Asker: 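The structure follows.
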Amino acid sequence: MYSKEITKSLKEKGISIGDLVKIEYDNVSMEGELMPKTETGSPETVIIKLKSGYNIGISFDKVRLTKIADSHGPVKFPSAKLAQDKELPKITLLFTGGTIGSKVDYKTGGVHPLIKPEELFYDVPELSKIARVDVKNPFSIFSEDMSHKEWARIAEEVAKELDNGARGVVVAMGTDTMHYAAAALSFMLENLNAPVVITGAQRSSDRGSSDAFMNLICAVQIAAKSDIAEVGICMHSSSSDDSCHFLRGTKARKMHSTRRDAFRPINSIPIAKITHDGKLDYIGQYKKIGNGKVKTKNGYDSSVALIKAYPGSDPGLIDFHVSAGCKGIIIEGTGLGHAPISPSDENKSWAGHIEKAVKKGVVVGMTSQTLYGRVNPNVYSTARKIASLGVVYCEDMTPETALVKLGWLLGNYDKKTAEELLGKNIAGEISQRNELNEFLV
Ligand code: GLU
């Protein structure tokens, strides 16, 4: 609730929550919807949702507030069933939650996973001209709440749908941890012989600037038309609304918290570019659809950890994880794959702690927090020393892909094999040294 004074003033002006209002202060004038006080916000700060979809908070005593129009209430999308044209390829949309299936809750001003998947179709009738889309909704959660259990469940569902005749599968999910899920599915779906296209949205579908619809259309285009037999992420290629990239599942990462083109290829180039009207340009190399039947390999040992080495960092972190039963640790090192080993405070040296972990049988991998580029144990004495302790240098894998890979390896192989395979390419996670990165900025 806003303060008594604000509540009284709003009442006098006939303004209710959700109404379209004009706010003026100094020389600035803006329009937006009056939102309720946020749970943690000050009762003296009014919250306005601007047309861009962003909320701003302004001290009530600093602004003049006038009503423009009554509230239109929460945006409602009628559900729509897609027409099923028998001539078109059959694809499955596995809807698992996230912003792509969310809308603003006008009671709290927050974004909640409220809509049913069918409600998305109302605004994308184009889908019925691209494919026969069958929607399945195994669960609806935000991606930060996902773990290897949900990734395995998705892998099972994908395999089932492909076995039942789907030409491709689109997985709609939250974007925050999409790159972890994409890496996990890339490892879990062995002998994949169809496109598995992961998509989502940075902005919910009731916002004018939503990217949900184009991402969904482009993802369905890839699943229905491409000859790519890989797991990948299909999201906006730029901040404008004209095309999406299909990025290899093990080589992509969310690189911005809000931009529509947040997903970037790391140490790789996109596999393809796709427009919503179906113009498909292949850019990078990829595995083509051929023969074979997908098989799931879903084992996962979640006793793995990702830890960051930084100046002055406490190597006791390693001991903590080892004593908590961790069987694998990925270090996000600095530069070419370094951690402090000769700091002035010798208690802060990581060397002895790494050595102890390796001796205890923990698989330790090294990646770089630079993300772009490759770790290399042969340049500086620091990395030479760390590698000599038995740490596997993970080439140009992202730290997140290395973490997921290690969990997957330890869940499916014995420790020795897992250690051997960590530094070897399995699902496109390690690229050739001579691959160009002209897409990177
Ligand atoms: N944090 C939520 C998630 O990852 C919503 C963000 C999004 O979907 O982009 O599921």
Side-chain angles (χ1 to χ4, degrees), residues 38-40 49 52-55 74-75 77 93-117 119-121 123-124 135-155 157 170-185 196-220 231-239 241 244-247 249 252-264 266 306 398-401 403-404:
T38 55
E39 278 138 28
T40 51
K49 177 165 286 296
S52 63
Y54 285 101
N55 291 350
V75 176
F77 293 121
L93 169 61
L94 289 178
F95 183 85
T96 69
T99 295
I100 192 161
S102 305
K103 67 179 173 184
V104 173
D105 176 351
Y106 282 74
K107 286 210 184 80
T108 62
V111 179
H112 289 275
L114 293 177
I115 63 171
K116 295 193 209 109
E119 289 174 287
L120 275 175
F121 291 158
D123 265 357
V124 271
V135 187
K136 300 269 159 70
N137 183 202
F139 49 82
S140 278
I141 57 174
F142 282 135
S143 72
E144 55 268 33
D145 294 327
M146 282 192 184
S147 69
H148 65 97
K149 292 184 187 149
E150 283 75 23
W151 303 332
R153 171 91 193 272
I154 297 172
E157 296 283 339
V170 172
V171 179
M173 66 173 291
T175 60
D176 283 10
T177 67
M178 187 181 274
H179 46 295
Y180 293 83
L185 292 180
V196 173
V197 191
I198 306 177
T199 194
Q202 287 279 76
R203 300 178 191 174
S204 60
S205 42
D206 52 358
R207 284 171 59 175
S209 61
S210 177
D211 49 339
F213 306 115
M214 193 178 81
N215 290 346
L216 195 58
I217 291 167
C218 289
V220 170
V231 175
I233 288 180
C234 182
M235 295 283 288
H236 270 53
S237 61
S238 71
S239 55
D241 227 15
C244 284
H245 274 153
F246 184 68
L247 308 173
R253 196 173 185 281
K254 186 170 179 172
M255 300 296 281
H256 201 280
S257 57
T258 54
R259 278 177 71 112
R260 299 190 289 185
D261 57 349
F263 281 85
R264 315 298 296 175
I266 307 294
L306 177 58
T398 62
E400 295 81 7
T401 292
L403 173 78
V404 170

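Counting starts at 1 for both ligands and their atoms, in listed order. Small disclaimer: the values here were computed from a predicted structure and weren't measured. The analysis underlying the following values was restricted to heavy atoms, covering all of them including side chains, and did not include hydrogens, waters or symmetry mates. This chain uses plain numbering: 1 for the first residue, then up along the sequence.
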Asker: For the pair Glu157 and Lys136, find out whether any cationic side-chain nitrogen is under 4.0 Å from an anionic carboxylate oxygen.
Answerer: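 No, this pair does not count.
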Asker: Can you tell me which residue and heavy atom of the protein come closest to atom 9 (O) of ligand 1, and the distance to 0.1 Å?
Answerer: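 Result: Thr175 OG1, 2.4 Å.
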Asker: Rounded to the nearest 0.5 Å, what separation is found between the CG atom of Leu93 and the CD1 atom of Ile100?
Answerer: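 Between Leu93 CG and Ile100 CD1, I get 7.5 Å after rounding to 0.5 Å.
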Asker: Just jot down the ligand 1 atoms closer than 4.0 angstrom to any heavy atom of Thr99, in number order.
Answerer: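 Result: 5 (C), 6 (C), 7 (C), 8 (O), 9 (O).
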Asker: Check ligand 1 against Ala201 and write out every atom of the ligand that is under 4.0 Å from a heavy-atom position of the residue.
Answerer: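 Ligand 1 atoms under the 4.0 Å threshold to Ala201: 7 (C), 8 (O), 9 (O).
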Asker: Just how far is it from atom OH of Tyr180 to atom CD of Glu144, taken to the nearest 0.5 Å?
Answerer: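 The OH atom of Tyr180 sits 12.0 Å away from the CD atom of Glu144.
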Asker: Knowing that exactly one of His256, Met255, His245 qualifies, which makes a side-chain contact (heavy atoms from CB on, under 4.5 Å) with Arg264?
Answerer: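 Among His256, Met255, His245, the one meeting side-chain contact (heavy atoms from CB on, under 4.5 Å) with Arg264 is Met255.
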Asker: Hey, which atoms in ligand 1 end up nearer than 4.0 Å to a heavy atom of Gly98?
Answerer: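 The list of qualifying atoms is 8 (O), 10 (O).
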Asker: May I ask you to list the atoms of ligand 1 that are less than 4.0 angstrom from any heavy atom of Asp176?
Answerer: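 Matching atoms, with element in brackets: 1 (N), 4 (O), 6 (C).
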Asker: Who's the nearest protein heavy-atom neighbour of atom 4 (O) of ligand 1, and how far?
Answerer: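 Answer, as residue, atom name and distance: Ser143 OG, 2.6 Å.
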Asker: What do you reckon, does Glu144 have a nitrogen or oxygen under 3.5 Å from a nitrogen or oxygen of ligand 1?
Answerer: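 Right, the criterion is met.
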Asker: Is any side-chain heavy atom of Ile233 less than 4.5 Å from a side-chain heavy atom of Met178?
Answerer: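 SC-SC contact between Ile233 and Met178 confirmed.
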Asker: Could you give the distance from CE (Met235) to CG (Asp211), rounded to the nearest 0.5 Å?
Answerer: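 The CE atom of Met235 sits 5.5 Å away from the CG atom of Asp211.
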